[in-house]
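Proteins come first, then strands; the chains are lettered A, B, ... in the order of their sequence lines, and each starts at number 1. Excluded from the calculations below are hydrogen atoms, water molecules and symmetry mates; all remaining heavy atoms, backbone and side chain alike, are included.
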2 protein chains.
Amino acid sequence: MAVGRPRAFDADEALDKALVVFWRKGYDGASLAELTSAMGINPPSLYAAFGNKEGLFRRALDRYEEQQGCFIDEALAAPTAREAVERLLCNAASKHCEEGHPQGCMLVTAGLSGDEESSAIREELAARRKAGEDDIRKRLERAKREGDLPKTANPAALARYVTTVLRGMSVQAAGGATARELKQVAEMAMKAWPD
Amino acid sequence: MAVGRPRAFDADEALDKALVVFWRKGYDGASLAELTSAMGINPPSLYAAFGNKEGLFRRALDRYEEQQGCFIDEALAAPTAREAVERLLCNAASKHCEEGHPQGCMLVTAGLSGDEESSAIREELAARRKAGEDDIRKRLERAKREGDLPKTANPAALARYVTTVLRGMSVQAAGGATARELKQVAEMAMKAWPD
DNA sequence: GTGCTTATGTAATGGAAACTAAAAAAATTC
DNA sequence: GAATTTTTTTAGTTTCCATTACATAAGCAC
């Protein structure tokens, strides 16, 4: 058993609260006052548990990908590449416009701007977006090997295209687009599919 | 002639300097210290000329659309809708990755996050993005009337699709994508074109 | 119970943020 | 040249930011 006074809050619950604040306001926009208030704790507890604001943000990103990113693996598990991407786009259209949480993917909305030299946050987000694109590419490479995609197909380019549409959907959602509108985009995007 | 002590700086030049700072760091990320330093003036001069930070930002957005948005009208002036969109996507791929200025469209990168109730900046950016989408839609509606697009085409949906790809390209560019990669995306996106 | 260790609440710290008061300076008008 | 108008410079102001010192509280080992 742990020695010392036990923690009076649940770290995961607190993280979920912090996640929503970061998602809604972005990294810079989320102040420690808002975060601690939403988490129901005081600053020293936050610092003891998560190090600092940046540490808390990274943990919140992990949590975000766990909670909200599951639909991606789910979609990519579809039997064919075409179906996988279809589901990916369609699910994203729904997810990004859901009520009850901010609109658009947090990896896009939480911070796009920043200096080259400074912002570690910007780089962290870009790296995670890249990882998402890689997952799609790998699925498409597999599909090509399995003959599910034509021999002439370019998995990397296709993955980049799909990812670009996904990122665009986040921007659209953040700007107030509806799920119906984004589903229409998904449908249209699929017309570029090579068969 | 104007009475009183004449302004010692050129407002448009100063605006250009401010624009670059906002573009690079976003609205929140750009501090008044950075802005005034880049503009070569002191805070009171800024406030006298532009009202406040938000006013300066809106003026910078005007300037941005004047300077960087010209390729859009240029592209939309192409004889056919297909060619117009082709040019739009291709030009965006180049523009968004150009050296010498920040990557990605400022209307996307300067601020996606923020509260529903608070951020007027977020809304301003969303409104300008919507205006861009409307321009594309209008061009496509004309094309449909002129028989340039099939009778079954849906200009609004098509414009939304194209805009979504454009927004996605901005996110990709902000994340370090190259012009070559984005041109590939543009090419792929055109495969969805209805003919 | 007494130590030991860790967490908590309060309140403060230094710094940076947007913005401005006030006086000096530079032009015009009379 | 004196009065007027506007800009500039300097030096603040207030507010909020992330982060932490410090004293107290709450659990375990003995």
Side-chain angles (χ1 to χ4, degrees), chain A residues 1-15 17-19 21-22 24-61 110-111 113-115 117-122 124, chain B residues 1-15 17-19 21-22 24-61 110-111 113-115 117-122 124:
Chain A
M1 262 210 198
V3 67
R5 178 173 175 172
R7 179 176 285 156
F9 64 96
D10 184 277
D12 283 336
E13 275 177 32
L15 200 51
K17 303 293 188 181
L19 165 56
V21 176
F22 277 130
R24 178 161 290 133
K25 315 265 277 186
Y27 177 74
D28 284 326
S31 74
L32 243 81
E34 285 170 306
L35 288 166
T36 51
S37 161
M39 297 166 87
I41 61 177
N42 293 314
S45 300
L46 190 157
Y47 279 80
F50 304 103
N52 57 13
K53 186 180 175 183
E54 188 172 328
L56 176 65
F57 182 69
R58 289 178 199 273
R59 291 281 303 275
L61 281 181
S113 53
D115 260 338
E117 60 264 16
S118 71
S119 175
I121 294 302
R122 201 184 103 271
E124 172 79 29
Chain B
M1 262 209 196
V3 68
R5 176 172 178 173
R7 180 175 285 157
F9 63 96
D10 183 277
D12 282 336
E13 276 178 32
L15 202 51
K17 303 292 188 182
L19 165 56
V21 177
F22 277 131
R24 180 160 288 134
K25 314 266 279 189
Y27 177 75
D28 284 326
S31 74
L32 244 83
E34 286 170 305
L35 289 165
T36 52
S37 162
M39 297 165 86
I41 61 177
N42 294 315
S45 300
L46 190 156
Y47 280 82
F50 304 103
N52 55 17
K53 185 181 176 184
E54 188 172 328
L56 175 65
F57 182 70
R58 289 178 200 273
R59 292 281 302 276
L61 281 182
S113 55
D115 259 338
E117 61 262 17
S118 70
S119 173
I121 295 303
R122 204 184 100 268
E124 172 79 29

Output the rounded distance in Å from [atom1] ([X]) to [atom2] ([N]).
| X | N | atom1 | atom2 | answer |
| --- | --- | --- | --- | --- |
| B:Tyr47 | C:dA17 | OH | C1' | 9 Å |
| B:Asp10 | D:dT7 | CG | P | 14 Å |
| B:Asp28 | D:dC17 | CG | P | 12 Å |
| B:Leu35 | C:dA17 | CG | C1' | 12 Å |
| B:Ile41 | D:dT10 | CD1 | P | 14 Å |
| A:Met39 | C:dA7 | CE | C1' | 15 Å |
| B:Lys25 | C:dA17 | NZ | C1' | 14 Å |
| A:Leu46 | C:dT8 | CG | C1' | 13 Å |

For this session: Assign each of B:Pro44 and A:Glu34 to its nearest nucleotide of DNA chain D by heavy atoms, then name whichever residue's nucleotide is nearer the 5' end.
Result: B:Pro44
Considering only [options], which nucleotide approaches the side chain of [X] most closely?
| X | options | result |
| --- | --- | --- |
| B:Arg5 | C:dA24, C:dT8, D:dT20 | C:dA24 |
| B:Pro43 | D:dT8, C:dA17, C:dC19 | C:dC19 |
| B:Asn42 | C:dA17, D:dT10, C:dT10 | D:dT10 |
| B:Ala8 | D:dT8, D:dT20, C:dT28 | D:dT8 |
| B:Leu32 | D:dG27, C:dA18, D:dT8 | C:dA18 |
| A:Ser31 | D:dA18, D:dT8, C:dA17 | D:dA18 |

Could you check whether [X] gets within reach of a base, just the sugar-phosphate, or nothing at all, counting any heavy atom under 4.0 Å?
| X | value |
| --- | --- |
| B:Pro6 | sugar-phosphate |
| A:Ala48 | nothing |
| B:Ala49 | nothing |

For this session: Find which nucleotide of DNA chain C each of B:Gly51 and B:Gly4 is nearest to by heavy atoms, and output the residue with the more 5' nucleotide.
Result: B:Gly51
Exercise. Do other residues, nucleotides or ligands put more than 12 heavy atoms under 6.0 Å from the NZ atom of B:Lys53?
Worked result: yes
For this session: May I ask you to decide if the ring planes of A:Phe22 and A:Tyr27 are parallel, tilted or perpendicular, using 30° and 60° as cut-offs?
Result: parallel
Exercise. When you check the gap from the basic side-chain N to the acidic O, do B:Glu54 and B:Arg58 get nearer than 4.0 Å?
Worked result: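 Salt bridge present between B:Glu54 and B:Arg58.
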